[in-house]
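A short worksheet on the structure shown next.
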Amino acid sequence: MTEPTGPRTFRLAYVPGVTPAKWVRIWGERVTDVRLELVPTAAPGSDTVLRAGDADAGLLRLPVDRTGLSVIPLYAETPVVVVPKDHVFAAVDEVGLDDLADELVLHPLDDLLEWNVLPGTPAKERPATTADAVELVAAGVGVVIVPQSLARLHHRRDLTYRPLRGAPESNIGLAWLEDATTDVVEEFIGIVRGRTVNSSRGRTTAPAEPARKPAKKPAPQRGGASGKSGKPAKRTAPPARGRRKRR
């Protein structure tokens, strides 16, 4: 009995703001015998979903505790400042850190941006989540700095955002347990790295049998006697008759 080469379901965790739709679509086209299941997870402590065995791999917001994990950085997100639509920042294309000097800057507990010093005036209390911070901004209480994808995720008609020059970027990476690098994990790594379907890495499949060449048809025989090669036989001259001797 042949043992299966991997799980029938590949569980992919992802944090808010990450959109794995493109990779999920490619997986569905390329890996038809393993179902991909999405596992939403919060950004802080997102690596715990991998360590608990609740997901096979995860698209996580870095940094994470890398102990026992393999991590591939994928891309960095632009930081933006979220403000009310009637805020003075709405009239410019980009904001600098110095422009926040007189602003009350909210710092949610689930923020993973690595700040040396938070710009502006910090609020006395930190909102529990980014969603809570956005609600406070809409109520006219300060501004909040988030990765651009989270600004889009929590979009409201009464709010807008602008790129924040000099702020730390938010990095997204693919992570999985080092001792759980299965063939389906390798397959997903190949997809996010843009490997083609014919790449030698990832899951292995039985090689296809080479197509057999059709047998050659014998050359048609020409009229007359012929040899095995199909060419007409050479005519041979009749033996010469000897002359009679005169007596």
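Because the structure is predicted, anything quoted here is derived from the model rather than measured.
Between Glu103 and Val143, the closest heavy-atom pair is OE1-CG1, 3.8 Å. Pairing each heavy atom of Thr121 with each of Ala101, the nearest pair is OG1-O, 3.9 Å. In plain terms, the two heavy atoms of Val82 and Val137 that are nearest each other are O-CG1, 3.6 Å. Between Gly166 and Leu97, the shortest heavy-atom distance links the atoms O-CD1, 3.4 Å. Closest heavy-atom contact between Val134 and His154: CG1-O, 3.8 Å. Taking both residues in full, the closest heavy atoms of Thr41 and Pro16 are given as O-CD, 3.2 Å, listed atom of the first, atom of the second, then distance.
By the 4.5 Å heavy-atom criterion applied to side chains, Ile189 and Ile72 are counted as neighbours. Side-chain contact check for Ile145 versus Leu113: some heavy-atom pair is nearer than 4.5 Å. Residues Leu136 and Pro127 are in side-chain contact: their nearest non-hydrogen atoms beyond the backbone lie under 4.5 Å apart. Using a 4.5 Å heavy-atom cutoff, the side chains of Leu60 and Val18 are not in contact. Residues Leu118 and Val105 have side chains in contact (heavy-atom distance under 4.5 Å, counting atoms from C-beta outward). A 4.5 Å side-chain heavy-atom check between Val144 and Val81 finds every atom pair outside the cut-off. Leu109 is not listed as a side-chain neighbour of Pro44, based on a closest heavy-atom distance of 4.5 Å or more. Side-chain contact between Leu12 and Leu59: present, with at least one pair of heavy atoms (C-beta onward) separated by less than 4.5 Å.
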Walk me through it: do Thr182 and Phe10 pass the test side chain to side chain contact (heavy atoms under 4.5 Å, CB included)?
CA-CA 10 Å; Thr182 63; Phe10 174 63; 5.8 Å; no
Tell me, with the steps shown, if Val83 and Thr160 meet side chain to side chain contact (heavy atoms under 4.5 Å, CB included).
CA-CA 6 Å; Val83 298; Thr160 188; 3.9 Å; yes
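Taking the side chain to side chain contact (heavy atoms under 4.5 Å, CB included) definition, one finds that Glu135 meets it with Arg156, sequence neighbours left out. A search for side chain to side chain contact (heavy atoms under 4.5 Å, CB included) contacts involving Ala76 returns Glu169, Asn171, not counting sequence neighbours.
Pairs engaging residues 11-20 under the side chain to side chain donor-acceptor pair (under 3.5 Å) rule: Arg11-Asp56 [sequence neighbours left out]. Among residues at least two apart or in separate chains, there is no salt bridge (charged side-chain N to carboxylate O under 4.0 Å, His left out) pair with a member in residues 144-154. Each ring-ring contact (aromatic ring centres under 6.0 Å, His included) pair with one or both residues in residues 74-94, not counting sequence neighbours, appears once here: His87-Phe89. Note on residues 92-101: pairs passing side chain to side chain donor-acceptor pair (under 3.5 Å), not counting sequence neighbours, are Glu94-Arg165.
The environment of Glu125 atom CD is sparse: at most 12 non-hydrogen atoms of other residues, nucleotides or ligands sit within 6.0 angstrom.
Residues Leu100 and Trp115 share a single hydrophobic cluster, defined by chaining ILVMFWY side chains whose heavy atoms lie under 4.5 Å apart. The hydrophobic cluster containing Leu36 also contains Val15, counting ILVMFWY residues as joined when their side-chain heavy atoms lie under 4.5 angstrom apart, directly or transitively. Placement of Leu159 and Leu104 within a single hydrophobic cluster is found when ILVMFWY residues are connected by side-chain heavy-atom separations under 4.5 Å, directly or transitively. The hydrophobic clustering, which links ILVMFWY residues whose side-chain heavy atoms are closer than 4.5 Å, places Leu150 and Leu74 apart. Residues Leu112 and Leu69 do not share a hydrophobic cluster, defined by chaining ILVMFWY side chains whose heavy atoms lie under 4.5 Å apart.
Put simply, OG1 on Thr67 and CG on Asp47 are 9.0 Å apart, with the number rounded to the nearest 0.5 Å. One finds the CG atom of Leu62 at 8.0 Å from the OG atom of Ser46 (value rounded to the nearest 0.5 Å). In this structure, the separation between CG on Asp111 and CG on Leu106 is 11.0 Å, given to the nearest 0.5 Å. Atom CG of Leu174 sits about 11.0 Å away from atom CD1 of Ile172, to the nearest 0.5 Å. With values rounded to the nearest 0.5 angstrom, Asp132 atom CG is found 8.5 Å from Thr130 atom OG1. Distance CZ/Arg35 to OG1/Thr32: 14.0 Å, rounded to 0.5 Å.
Of the possible donor and acceptor atoms, none in the side chain of Arg195 sits under 3.5 Å from a partner among the backbone N and O of Glu187. Judged by distance alone, the side chain of Arg126 and the main-chain N or O of Pro108 form a donor-acceptor pair under 3.5 Å. Panel note: side chain Lys85, backbone Arg157; a donor-acceptor pair is recorded below 3.5 Å.
Donor-acceptor pairing under 3.5 Å is lacking for the side chains of Asp110 and Thr129. Defined by atom type and a distance below 3.5 Å, a donor-acceptor pair is present between the side-chain atoms of Arg61 and Ser170. In this structure, a donor-acceptor pair under 3.5 Å is present between the side chains of Ser149 and Glu77.
Aromatic ring pairs are classed by plane angle as parallel below 30°, tilted from 30° to 60° and perpendicular above 60°; the pair Phe188 and Trp27 is tilted.
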